[in-house]
Amino acid sequence: MSFHPIEQAPARLNRSELAVPGSQPQLFEKAAQSDADVVFLDLEDAVAPDDKAQARKNIIKALNEMDWGKKTMSVRINGLDTHYMYRDVVDVVEQAGERLDLIMIPKVGTAADVYAVDMLVTQIEDARGYKKRIGFEHIIETALGMQNVTEIAGASKRNESLHFGVADYAASTRARTTIIGGVNPDYSVLTDPLEDGTRAVHWGDMWHYALARMVVAARANGLRPVDGPFGDFSDPDGYRAAAKRAAVLGCEGKWAIHPSQVDLANEVMSPSEAEVTRAKRILEAMAKAATEGKGAVSLDGRLIDYASIRQAEVLVEKAKQIAG
Ligand code: GLV
Ligand code: MG
């Protein structure tokens, strides 16, 4: 390990993160009853300008009066380039800060953006005498945000997670997309012809680089990387495939822009029973190896060593968190 310690964000389940427009309070009850680990009530892009003030009121009322159970509750504020943002923070934190766990900051571009919101939230918390500190989730969804993702990730003690906002990221980078979070057939490789002249097309994942870069910045700063939206909620297979790609790269969760996507996210982002069983066997085998003075042994014909212990511990810990 490096001499530089990485402080981990508070451990929270973040397999599914359900987006709910603050202007549609009729959807709140269903969100509260859902199995989403995190619910974010939106004041930003799902809310029309004329509805912003009412959406704030709906969110404050819902946070104070509804039973959200053990869910982690977040509010997505408007961007720092809008005049809505200061009142989002002031009204929501002043009037509902006790039940609010996280603030989601969209289109964050620089570490100074994080600093500005941190300063505002700190003043409100201190003035109100809140004991609990509200955490931050940042949406990395602009070219600027991606360029500065490392500094953003380390910009505040409140930081808990980074989210890949694929829709705005596509707009910002002028990527050619078809559906939100989907893949584009033009991002593919045409193989050279085989002897019989046939050629195959292999579709690629155009989001790979962005997601991988965000995962590294998040993990290097002890934060949870979370994949963003998949727009076609009538395509569960497409959603599952996107979620699996994110999980393979190290993401802990994915957004659900529709309640039907919550179970899909929870399923993909939870370790399977087989994985947990194997992880436990690895830990047992390595414990036995230690008593025999060995650092590496074989299990089922494969090498395992101290790195396997760390991977297995992460899996077992995650399974415990889910069970709890
Ligand atoms: C989310 O906010 C996105 O732009 O994808
Ligand atoms: Mg966005």
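When a ligand or atom number is given, it counts from 1 through the structure's own listing order.
Under 4.0 Å from ligand 1, not a single heavy atom of K107 appears. Counting heavy atoms under 4.0 Å from ligand 1, residue W255 touches it through the side chain alone. Contact annotation for A167 and ligand 1: heavy atoms of both the backbone and the side chain come within less than 4.0 Å of the ligand.
Looking at D88 and R56, a side-chain N of the basic residue comes within less than 4.0 Å of a carboxylate O on the acidic one, giving a salt bridge. Residues K288 and E284 are not paired through a salt bridge, judged by the lack of any N-O separation under 4.0 Å between the basic side chain and the carboxylate. In this structure, E44 pairs ionically with K107, as a charged nitrogen and a carboxylate oxygen lie closer than 4.0 Å. A salt bridge does not link K280 with E313: none of the charged nitrogens is closer than 4.0 Å to a carboxylate oxygen. R15 and E252 are not joined by a salt bridge, as no carboxylate oxygen comes within less than 4.0 angstrom of a charged side-chain nitrogen. Between E160 and R224 a salt bridge is recorded (basic side-chain N to carboxylate O distance below 4.0 Å).
Residues D45 and D168 share a closest heavy-atom pair of OD2-OD2, 3.4 Å.
Distances from ligand 1 to the non-hydrogen atoms of E44 include no value under 4.0 Å. Residue P229 places a heavy atom less than 4.0 Å from ligand 1.
At a threshold of 2.8 Å, the Mg ion (ligand 2) has no backbone or side-chain N, O or S atom of D45 nearer than that distance. The Mg ion (ligand 2) has an N, O or S atom of E141 under 2.8 Å away, backbone or side chain.
Judged purely by atom type and a 3.5 angstrom limit, N221 has no side-chain atom pairing as donor or acceptor with the backbone of N159.
Shown in contact with R76 at under 4.0 Å from a heavy atom are these atoms of ligand 1, numbered in order with element: 1 (C), 2 (O). Close contacts of ligand 1 with G165, meaning ligand atoms under 4.0 Å from a residue heavy atom, involve 1 (C), 3 (C), 4 (O), 5 (O). Set against the non-hydrogen atoms of D168, the atoms of ligand 1 under 4.0 Å away are 3 (C), 4 (O), 5 (O). Within ligand 1, counting atoms from 1 as listed, the ones closer than 4.0 Å to a heavy atom of E141 are 1 (C), 2 (O), 3 (C), 4 (O).
Geometrically, K244 does not engage Y239 in a cation-pi contact defined by less than 6.0 Å to the ring centre and at most 45° from the axis.
Of all N/O/S atoms in D168, OD2 sits nearest the Mg ion (ligand 2).
Some N or O of V166 is nearer than 3.5 Å to an N or O of ligand 1, by distance alone.
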